[in-house]
Amino acid sequence: MDTPRLTYDEYTVGWIAVLPCEIDAARLLLDHEHPDLPALRGDTNSYILGDMGGHNVAIAFPGAGRKGIASATDTATNIIRTFSKIRFGLLVGVAGGVPKLPSNKNTMKDIRLGDIVVGCPDRGTGGVIQLDSGKWLQPDKIDVQSHLNKPPIILLTAAEKLRGDLKFRKAKIETFIQSATDKAFELEMEEYAFPGRQNDRLFQSEHLHVTHEEDESCSQCLTDWEVQRSTRTSEKPAIHYGLIGSSNQVVRSADYRDQMQNLGILCFEMEAAGLMDTFPCLVIRGISDYSDSHKNKLWQPYAALAAAAYARDLLRVIQVIHVMETKIVMEVVQKRESNKG
Ligand SMILES: [Zn+2]
């Protein structure tokens, strides 16, 4: 039986994706896909509609090739105008991780490819800092004036509940990854499969990537250059909570990455800073590379799928009644604007 077409006002969750693999990953996690709604004048986003765990979700994405902070702000502005009853947002996709290095004495998180980072308040910030705003720039210290808004309470509470579920093995992330991967296989999208731990290679910062013709893989990069780490055999993604660095520039420099790790940044991405102040949301990132010169796209589909599976599980622990009790995004944003004025 076909799913009936809903109205704009029946969608309460806004989900933003940018890269094609992020959009497809979100779509693979839908419980049901809904028929499209007619486009509204002035809205340049594209949408995929559906439901997850009883919530009606509008997945929005900007036009092809558009990325970065300003584009993310436009996407958010459009979605909250078109779907005027949205209560919160999820920004779900991939990011470059900041791995634990033996040379660094700070306590760092052992971030591996395919892991998930959730942007949560940390070090006096709301969970996301804009790296190229320049304002925060002080070695070893974040100017907390420059961070962006915190995620809404309903999402932080849900993330806390899910953290407990993970501990007690009640979380469903792996189940969602499995069912989405199965669906991807049926659709001949084999690239969403787990790429294998042998393809999770972290190189010492001083060894730059060696390119070989068109091949962007690390086939020419030596095993001797790899950082010796404890073996992780499980495919299960680890979930890390903390600070996300957002920037208009792609980070592919181990030197820059290693400088940033003193600030407690767990990963780098390119959209969150455009959203936090216009669209109350939680940022969920699957780690697809280590932000160095070896960065390639091999892990992107799986990392996008893992992040989407986390978001799907988050929606499982959020009760519809609590969503209805949450203020409409449009009203929150208008109130903030009038307070500023
Ligand atoms: Zn390489």
Side-chain angles (χ1 to χ4, degrees), residues 18-22 24-25 65 67-68 93-106 108-117 131-132 181 184 189-238 240 244-271 285-307:
V18 176
L19 299 177
C21 67
E22 297 170 349
D24 292 348
K67 38 184 177 178
V94 300
V98 179
K100 189 183 173 97
L101 294 171
S103 56
N104 195 300
K105 301 282 176 286
N106 293 344
M108 294 182 58
K109 310 207 180 197
D110 184 15
I111 295 175
R112 307 281 175 110
L113 300 186
D115 280 359
I116 297 158
V117 171
L131 295 173
D132 39 18
T181 317
M189 295 154 69
E190 280 87 4
E191 68 275 22
Y192 285 86
F194 184 74
R197 289 281 168 223
Q198 74 283 6
N199 290 311
D200 177 358
R201 301 175 70 196
L202 170 63
F203 295 96
Q204 293 158 19
S205 305
E206 63 270 30
H207 291 290
L208 300 184
H209 178 65
V210 180
T211 40
H212 180 63
E213 293 169 358
E214 296 292 287
D215 181 15
E216 66 161 17
S217 80
C218 284
S219 60
Q220 306 295 308
C221 300
L222 304 185
T223 314
D224 281 358
W225 301 347
E226 288 180 30
V227 174
Q228 295 304 312
R229 299 183 287 178
S230 59
T231 334
R232 211 203 270 179
T233 46
S234 163
E235 289 187 12
K236 196 167 132 187
H240 310 278
I244 292 177
S246 190
S247 154
N248 276 310
Q249 307 293 324
V250 177
V251 177
R252 44 169 86 232
S253 153
D255 284 347
Y256 178 80
R257 175 197 73 196
D258 296 348
Q259 280 167 27
M260 291 297 113
Q261 63 187 202
N262 293 324
L263 299 172
I265 289 171
L266 304 182
C267 69
F268 301 101
E269 58 82 84
M270 295 180 67
E271 282 88 26
R285 293 295 185 190
I287 302 303
S288 58
D289 60 73
Y290 289 120
S291 320
D292 57 12
S293 58
H294 305 274
K295 175 184 170 72
N296 65 49
K297 296 195 168 78
L298 178 69
W299 281 77
Q300 278 190 357
Y302 176 79
L305 189 87

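These values consider heavy atoms only, across backbone and side chains, with no hydrogens, waters or symmetry-generated copies. For ligands, and for the atoms within them, numbers begin at 1 and follow the listed sequence.
Residues M260 and L131 have side chains in contact (heavy-atom distance under 4.5 Å, counting atoms from C-beta outward). Considering only heavy atoms from C-beta on, R112 comes within 4.5 Å of R229 through its side chain.
With salt bridges taken as basic N to acidic carboxylate O contacts below 4.0 Å, one links E271 and R285.
Between atom OG of residue S288 and atom CD of residue E22 there is a gap of 8.5 Å, rounded to the nearest 0.5 Å.
Between the SG atom of C221 and the SG atom of C218, the angle taken at the Zn ion (ligand 1) works out to 120° after rounding to 10°.
Restricting H294 to its N/O/S atoms, the shortest distance to the Zn ion (ligand 1) is reached by ND1. Among heteroatoms of the N, O or S kind in H209, ND1 lies nearest the Zn ion (ligand 1).
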